[in-house]
Each structure stands twice: as structure tokens, then as C-alpha cells.
> 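Questions regarding the structure given below will be posed in turn.
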There are 2 protein chains.
Amino acid sequence: MSRSSGGKVRGTGRTTLEEVAAHAGVSTMTASRALSQPQLVSEATRTKVELAVVELGYVPNRAARALASAQSRVIVALVPSLSNVVFTAVLDGIHDAIEHGQYQLLIGNTRYSDAEEEKLLLTYLQSNPDGILLSGLTHSPQVERMLAASRMPVVSMMDLADDPGELSVGFSQHDAGNAITRHLIERGYKRIAFVGAQLDERTLRRADGYREAMQAAGLADPKLEIMVPDPSTIALGAELMRHALDTLPDCDAVFFCNDDLAHGAIYYCQRHDIRVPQDVAIAGFNDLPASAWMVPSLTTIDTPRYRIGYEAASLLLDVIGGKEPRERRIDLGFTLREREST
Amino acid sequence: MSRSSGGKVRGTGRTTLEEVAAHAGVSTMTASRALSQPQLVSEATRTKVELAVVELGYVPNRAARALASAQSRVIVALVPSLSNVVFTAVLDGIHDAIEHGQYQLLIGNTRYSDAEEEKLLLTYLQSNPDGILLSGLTHSPQVERMLAASRMPVVSMMDLADDPGELSVGFSQHDAGNAITRHLIERGYKRIAFVGAQLDERTLRRADGYREAMQAAGLADPKLEIMVPDPSTIALGAELMRHALDTLPDCDAVFFCNDDLAHGAIYYCQRHDIRVPQDVAIAGFNDLPASAWMVPSLTTIDTPRYRIGYEAASLLLDVIGGKEPRERRIDLGFTLREREST
DNA sequence: CTGAAAGCGCTTACAG
DNA sequence: CTGAAAGCGCTTACAG
């Protein structure tokens with residue numbers, strides 16, 4: 001009954017391919033082939049091996065395979081946060097795009113920190129990944145160096161790379177920030193504030209898009225930009241709304257760099273009987289599920305975060321597989337959702 | 001300049017420990033010890049090896065280490081969803097509890113499916129994990145069998161195991177559902193509906209708690225239970241609120257099995273001028289960030305999801321490390337948040 | 001404190 | 001279609 005250790009000192013004690021082969025009456029390498037390249041083996045042999053696998057409850061040892069084949073079948077994904085639904089949606093997409101039988105996903109949370117990203121990369125390099133998915137376009141010189149030295153394919157997610165050789169999947173954060181600002185300008189708002197938190201590269205690019213639109217309309221004013229490094233939360237959004245109304249009494253619209261903040265602002269206005277959009281218009285970014293439902297519903301930018309993950313992982317898998325990608329820079333676009341809050 | 005392949009046919013082409021050892025003028029095994037058990041090596045040797053590591057840019061090969069040591073240093077976590085913030089918070093906690101230099105986390109999304117869970121487990125078993133974190137208490141017989149056969153430590157997350165030998169971290173879903181129902185009863189509501197979606201084991205246990213409280217108060221009525229298998233969303237919450245009001249005209253309170261649904265219900269009432277709680281009271285479950293901010297604020301159960309992940313991973317690490325856990329069943333509790341909606 | 005040898009469990013050319 | 005041998009890059013007892 002017990003396939004026990006039988007005096008063996010090392011190893012995991014699990015059934016090995018060698019035992020499967022012996023049980024099936026073939027050589028180890030034939031057993032190996034029967035499992036990984038069944039078309040190279042006679043049907044009779046394959047059946048014998050498959051039977052032995054079932055009877056012995058054989059589970060392949062991934063470490064041994066990785067070592068022998070020099071192929072890890074590991075993909076690394078680094079995201080700046082695991083509490084931000086934008087990035088968990090990206091991970092969900094990556095997850096779905098990866099055939100789990102083949103590839104294994106290693107997830108790292110960089111916490112918006114270059115140092116953390118470096119540390120994670122160094123750790124994950126030990127797994128000799130076949131490729132890596134990175135959030136954003138800008139990384140520390142050390143990270144760039146490690147990536148270059150490793151020679152593995154890298155796909156950047158969220159924004160579009162300037163360098164056409166670089167692999168990237170996302171949309172133009174700049175253009176999206178620009179588009180929603182132009183929407184507010186077209187609506188007739190003049191004193192449009194921008195509120196940014198976290199100040200990661202995406203927020204800064206959205207701010208660039210905002211600034212450009214304001215300048216083009218002759219409405220630019222540095223006083224209208226409120227920037228804080230704190231993480232975005234509903235509570236912070238409420239606080240920054242209050243701050244904006246206090247310090248900018250003539251402000252007639254606020255573009256928040258994401259929906260979390262904008263939701264806080266809308267709740268704040270509801271509680272203080274500030275009419276949105278009559279007293280002040282509010283716009284967000286990302287189109288979280290609640291945005292279409294709250295009262296008033298929130299004008300925002302719908303972003304393809306799940307698809308970014310899905311397409312980025314698919315692109316990476318293609319490149320790893322040696323396929324020439326149709327595009328190295330996949331623009332998934334964004335959609336302006338005009339709603340009641342503006 | 002180039003540490004090139006030099007005729008080697010196999011392998012990754014990366015610097016090996018053997019090369020580091022040669023560079024440092026010591027044996028491979030001394031180099032190995034200098035890195036993994038530095039206290040067993042003289043300071044001079046350690047320095048030489050560390051220098052060689054830096055000069056050659058050595059990165060250990062995890063697969064080789066796993067194979068030689070029969071220790072994968074891999075932990076698997078299986079969750080039913082990657083779009084539900086409850087489970088992404090759990091993963092966030094797990095992530096933070098694992099020292100990344102040592103252990104690697106493999107995440108699986110079972111999509112609330114037993115078959116998927118089985119498939120993932122089978123795949124992840126190939127990595128010979130040191131331990132596994134599972135969501136929920138009930139699993140398919142196949143999964144139970146595979147787990148038993150693998151003999152690896154398992155920690156169940158979210159609810160508390162009945163069997164005192166089983167490792168579990170969470171809180172009593174039953175008691176929490178019971179507590180919020182009793183709160184509604186104490187407030188004087190009589191026709192209290194329960195709305196459950198997804199119908200996973202946690203929802204069913206919350207429903208049990210609800211039913212028990214209703215029976216104890218002599219208020220039980222099967223008509224008050226609305227159960228649908230669809231995933232919980234804000235849109236579904238709005239729809240089920242409408243349905244409840246339509247089919248149960250005398251209903252004076254609704255306990256939704258989670259905040260996502262309850263938020264949809266509150267937005268629905270806002271849009272249709274249904275006063276909450278005067279016309280109908282609404283309660284949720286999980287205390288999502290928006291719940292304290294929306295108008296009216298939502299009465300709900302605050303659940304320690306991040307801590308569940310953190311403590312479950314810590315417990316698993318302890319057991320893997322051979323430590324006897326203080327408790328095998330860690331009750332992290334829950335908190336009733338009484339707010340404006342009831 | 002240090003080392004020579006064997007072994008972990010697979011896959012890879014190379015033959016036949 | 002099948003097999004004997006070598007090797008992937010580490011760590012593990014066992015000596016000294």
C-alpha cells in the first residue's frame with residue numbers, strides 16, 4: 001500500500017518518472033516523451049505510460065523539468081498595488097490569458113516603490129522567468145540594467161511606449177486626461193481644478209494632458225493644480241474636495257485623477273448639500289462600477305484594465321513562443337463616459 | 001566582456017555557483033554555504049565569495065536549489081475570484097506576510113468552481129509546494145484526496161473549521177449573519193428579507209445565521225429569502241432591490257449578503273426616492289470603503305479580510321517551519337457597523 | 001572551517 | 001519508434 005521511503009535519504013519521496021517508466025516497462029526517456037511529446041511515441045507505449053501515471057499517481061516535478069530543459073515556464077508580473085482595483089483587474093486579465101497548465105504566474109507588489117521593484121525583480125530572476133510584465137514605462141536605472149542583462153522579453157502595461165521597439169499594451173494616459181479636460185471646457189467650465197494623488201507616472205501624464213488642454217483654451221493656472229502624494233481613497237477625495245472648495249472659491253469643476261477620489265468628492269457634496277454639477281462639476285478616471293450608479297452618476301474615462309492584462313500576457317506569450325507580434329505597441333484606447341456629474 | 005556560451009549546448013547560459021566558486025578560489029560547496037549558511041564559513045571566505053557574486057552578477061537558480069534540497073519554498077493560494085475586493089484584500093495580506101526572499105506565492109483563481117479548483121491544485125502540485133492556503137471549508141472529494149495524499153499543510157481561510165485539528169483563519173460567517181439580523185430585529189423591523197447571490201458557502205452560512213435569528217424571533221418566512229446564483233454586482237443589487245419591493249410589499253428591511261449588492265440597492269432607492277431607512281432599511285456585509293461614505297451610510301459587518309490573509313499565511317509559514325501554532329483555529333472576529341441605512 | 005562525490009528528477013542530443 | 005548516457009545547477013551527508 002505505502003510507496004514508502006524505503007531507505008532513501010533525499011528527495012521528496014514522491015513517485016518519479018523513473019518509477020513510472022519501470023512500471024510501464026519502458027525507458028525513462030520514452031516515458032518522458034510519452035508525456036511531453038506523445039506524437040513521437042507509439043500508441044501502445046503511450047497507453048502503457050498513461051496507465052502507469054494514473055496507477056502510481058505520478059505528478060511531474062516542475063523543478064527538475066525546469067533545470068533539465070533550461071525553461072522555467074514562469075512569467076513575472078509586477079504591479080504597484082494589490083488594493084487598487086485597477087491593478088487587480090489587470091492581474092485578473094493576465095491570469096485568464098495564461099494557460100495554467102503551461103505557464104506559471106509570479107506576482108509582485110512594488111508598492112509604487114522603485115526600490116521594491118528592484119528587490120522583487122532580483123528575487124524573481126532566480127526563477128529564470130521566460131518573460132516579464134511591468135506596470136508603467138519608467139523604471140529605475142538598476143531595473144533597466146537588470147532587465148537588459150537578463151535578455152528576457154518585457155511587456156510594459158498601462159501606457160504606450162514612445163520607443164516603437166518596446167513592447168507595450170495600454171492607452172495614452174496623456175490623451176485620456178486631455179480628453180476629459182476638453183469635455184469640461186466644452187461644457188463651459190472655466191475654473192477647472194485638477195486633483196492628483198499618489199503622483200505615480202500615470203497621474204502625472206493625465207495631469208500633462210489636463211494642462212495642455214487648459215493652456216490651449218487659455219484657462220491654465222497653476223493654482224488650479226492640487227497634488228498630494230498620499231494614496232487615493234474615498235476619504236482623501238472628500239478631504240480634497242473640501243480643500244478645493246475652500247482654497248478656490250471660484251472653481252466650477254474638478255477633474256480628479258481617479259474615481260476613488262471622485263467618489264469621495266461626490267459623497268462629500270451630497271452630505272453638504274453642494275449641488276453637482278450646478279455648484280461644481282466633478283469628473284473622475286477609470287469608470288469603476290459604482291460610477292454609473294451613484295447619484296449623480298460620474299463623468300469619467302472608461303479604461304480597459306482587464307484587457308490590458310489579457311492582451312499584455314498574450315503578447316508576451318507570443319514573443320516567448322517566437323511569434324512575431326503584429327504590433328509591438330497595442331493601443332486599447334479609452335472611452336469618455338459623459339454622465340450627470342458634469 | 002562577454003561571459004558567452006563558449007560551446008555549451010544546454011543550460012541557461014547564466015553564471016553558475018561553480019563559476020562563482022572558481023572565481024573566489026574555493027569549492028562549489030563552500031560557495032554554496034557562504035551564501036546560504038554564512039555562519040558556517042570563515043569571514044575571509046565569505047568576503048571572497050560575496051565579491052565574486054557581485055563581480056559575476058550571480059543569480060542563484062531556484063529550480064536547481066529546489067531539486068537538490070527537495071524544498072520548493074513555494075506556497076499556493078487558491079481564491080474563488082480575482083475581481084472581488086474581499087479576495088484581493090486577502091491576497092494582499094498573504095503577500096505581505098510572506099518574506100519574498102524566501103517563499104514564492106502561486107495564486108490560483110478557482111472562479112467558484114470545484115472543477116477549476118481541482119485542476120489548479122493538480123497543476124500547482126507539480127511545484128511541490130511547502131503548503132497551501134484554501135478559501136472556504138468545503139471542497140470536492142477529489143481535492144480532499146489530493147490534499148491528503150500530498151501530506152502538505154493546509155490552512156483554510158474565511159470561516160472557522162468545525163474540526164479542531166484543521167488549520168483555519170477567519171471568523172464565523174454564521175454568527176456574523178446572525179448578528180446583523182438580530183440588529184435589524186432589535187431595531188423593530190419585522191419583515192426582514194435576505195438577499196443572497198453567488199450562493200457560495202459563505203453566503204449560505206450567512207443565510208443560516210439570518211434564518212436562525214428570524215426563527216428565534218418568530219419572524220421566519222421562506223418567502224423572505226431571495227437567492228440567485230449570479231455574481232454579486234451593483235447592478236444586480238439594484239435589480240434585486242426592485243424585485244424585493246415588488247414581490248414583498250410589506251418588506252421593511254433587506255439584509256444583502258454583501259456590500260456590492262447593498263450599494264446597488266441604496267443607489268436604486270436614491271434614484272427612485274425611496275427613503276432609507278424610513279421606507280425600507282438596508283444592511284450589507286463586508287464594510288467596503290464606500291459604505292461609510294455613501295448617503296445614507298450603510299449598516300454592515302466589518303470583516304478582517306486583509307488580516308485573514310496575513311494571519312493565514314503566517315500560520316502556514318509557522319507550521320512549515322515546524323513551529324507548533326498557539327492556535328489551529330484563529331478567530332479574527334467581525335464588527336457590526338451600525339449606520340444610517342438601518 | 002573546507003572539500004570530493006553523489007544525487008535530486010527530469011530532458012537533451014545522439015544513436016540505432 | 002525507442003534507449004544509454006550525460007548533464008542541468010544546486011545541496012546533502014560524510015570526511016577530514
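Each chain gets a letter, A, B and so on, in the order its sequence line appears, and its residues count up from 1. On a predicted model such as this, the values are computed, not experimentally measured, just so you know.
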> Distance check needed: dA13(D) P versus L40(B) CG, whole Å only.
14 Å
> Quick check on dT12(C): is either OP1 or OP2 less than 4.0 Å from any side-chain nitrogen or oxygen of S32(A)?
no
> Which heavy atom in L35(A) sits nearest to a heavy atom in L17(A), and how many Å separate them?
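So the minimum-distance heavy-atom pair works out to CD1-CD1, 3.9 Å.
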> Give, ordered by number, those residues of residues 122-132 of chain A having at least one heavy-atom distance below 4.0 Å to an atom of DNA chain C; if nothing qualifies, reply none.
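When residues 122-132 of chain A is checked for heavy atoms under 4.0 Å from DNA chain C, there are no hits whatsoever.
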> T16(A) side chain: which of dC1(D), dG9(C), dT11(C) is closest?
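Of dC1(D), dG9(C), dT11(C), dG9(C) is nearest to the side chain of T16(A).
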> Report the nucleotide, chosen from dT12(D), dC10(D), dT2(C), that has the shortest atom-to-atom distance to any side-chain atom of S69(B).
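Between dT12(D), dC10(D), dT2(C), the one nearest the side chain of S69(B) would be dT12(D).
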> Under 4.0 Å between a Lys/Arg side-chain N and an Asp/Glu carboxylate O for D96(B) and R111(A)?
yes
> Do any side-chain atoms of residues 138-149 of chain A form donor-acceptor pairs under 3.5 angstrom with protein atoms, and if so which ones, sequence neighbours left out?
residue: T138(A); atom: OG1; partner: E201(A); partner atom: OE2; Å: 3.0
residue: H139(A); atom: ND1; partner: E117(A); partner atom: OE1; Å: 3.0
residue: H139(A); atom: ND1; partner: E117(A); partner atom: OE2; Å: 3.2
residue: H139(A); atom: NE2; partner: G136(A); partner atom: O; Å: 3.1
residue: S140(A); atom: OG; partner: V143(A); partner atom: N; Å: 3.2

> Report the distance from atom CD of Q71(B) to atom C1' of dG9(C), rounded to the nearest whole Å.
17 Å
> Just how far, in rounded Å, is C1' of dT12(D) from CZ of R33(B)?
10 Å
> Expressed in angstrom and rounded to an integer, what is the separation of L67(A) atom CG from dG7(D) atom C1'?
9 Å
> Would the base of dG9(C) count as contacting R62(A) through its side chain, where contact means a donor and an acceptor less than 3.5 Å apart?
no
> What closest approach, in Å, do V90(A) and R305(A) show between heavy atoms, and which atom pair accounts for it?
CG2-O, 3.4 Å
> dC1(C) P sits how many Å from M29(B) CE, rounded?
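Interatomic distance, CE of M29(B) to P of dC1(C): 14 Å.
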> Let me spell it out: for each of T45(A) and Y58(B), pick the nucleotide of DNA chain D with the closest heavy atom. Which residue's pick is nearer the 5' end?
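Looking at DNA chain D, the more 5' nearest nucleotide goes with T45(A).
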> Kindly point out which of dT2(D), dG3(C), dG9(C) is positioned nearest to the side chain of V26(B)?
dG3(C)
> Going by side chain to side chain donor-acceptor pair (under 3.5 Å), name the pairs with one or both residues in residues 72-81 of chain B, residues two or more places apart or in two chains.
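Passing the test, one end in residues 72-81 of chain B: Q71(B)-R73(B), S72(B)-D130(B), R73(B)-Y103(B), S81(B)-S83(B).
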> Work out which heavy atom in P153(A) is nearest to a heavy atom in V319(A); give both atom names and the distance.
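Nearest pair, atom of P153(A) first, then V319(A): CB-CG1, 3.8 Å.
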> R65(A) CZ to dG9(D) C1': how many Å, rounded?
18 Å
> Between dG9(D), dG3(C), dG3(D), which nucleotide has the shortest distance from any of its atoms to the side chain of T30(A)?
dG3(D)
> Can you tell me how far P of dG7(D) sits from CG of N61(B), to the nearest Å?
18 Å
> Watson-Crick or G-U wobble partner for dA4(D), using a 3.5 Å limit on both distances?
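Base-paired to nothing in any strand shown.
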> Let's see if you can work this out: which of dC1(C), dA4(D), dG9(C) has an atom nearest to the side-chain heavy atoms of S27(A)?
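For S27(A), the side-chain atoms sit closest to dA4(D).
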> Tell me: CD of Q39(A) to C1' of dT2(D), nearest whole Å?
15 Å
> Using modelled atom types and a 3.5 Å cut-off, is there a donor and acceptor pairing between side-chain atoms of T30(B) and backbone atoms of V26(B)?
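Judged by distance alone, no pair lies under 3.5 Å.
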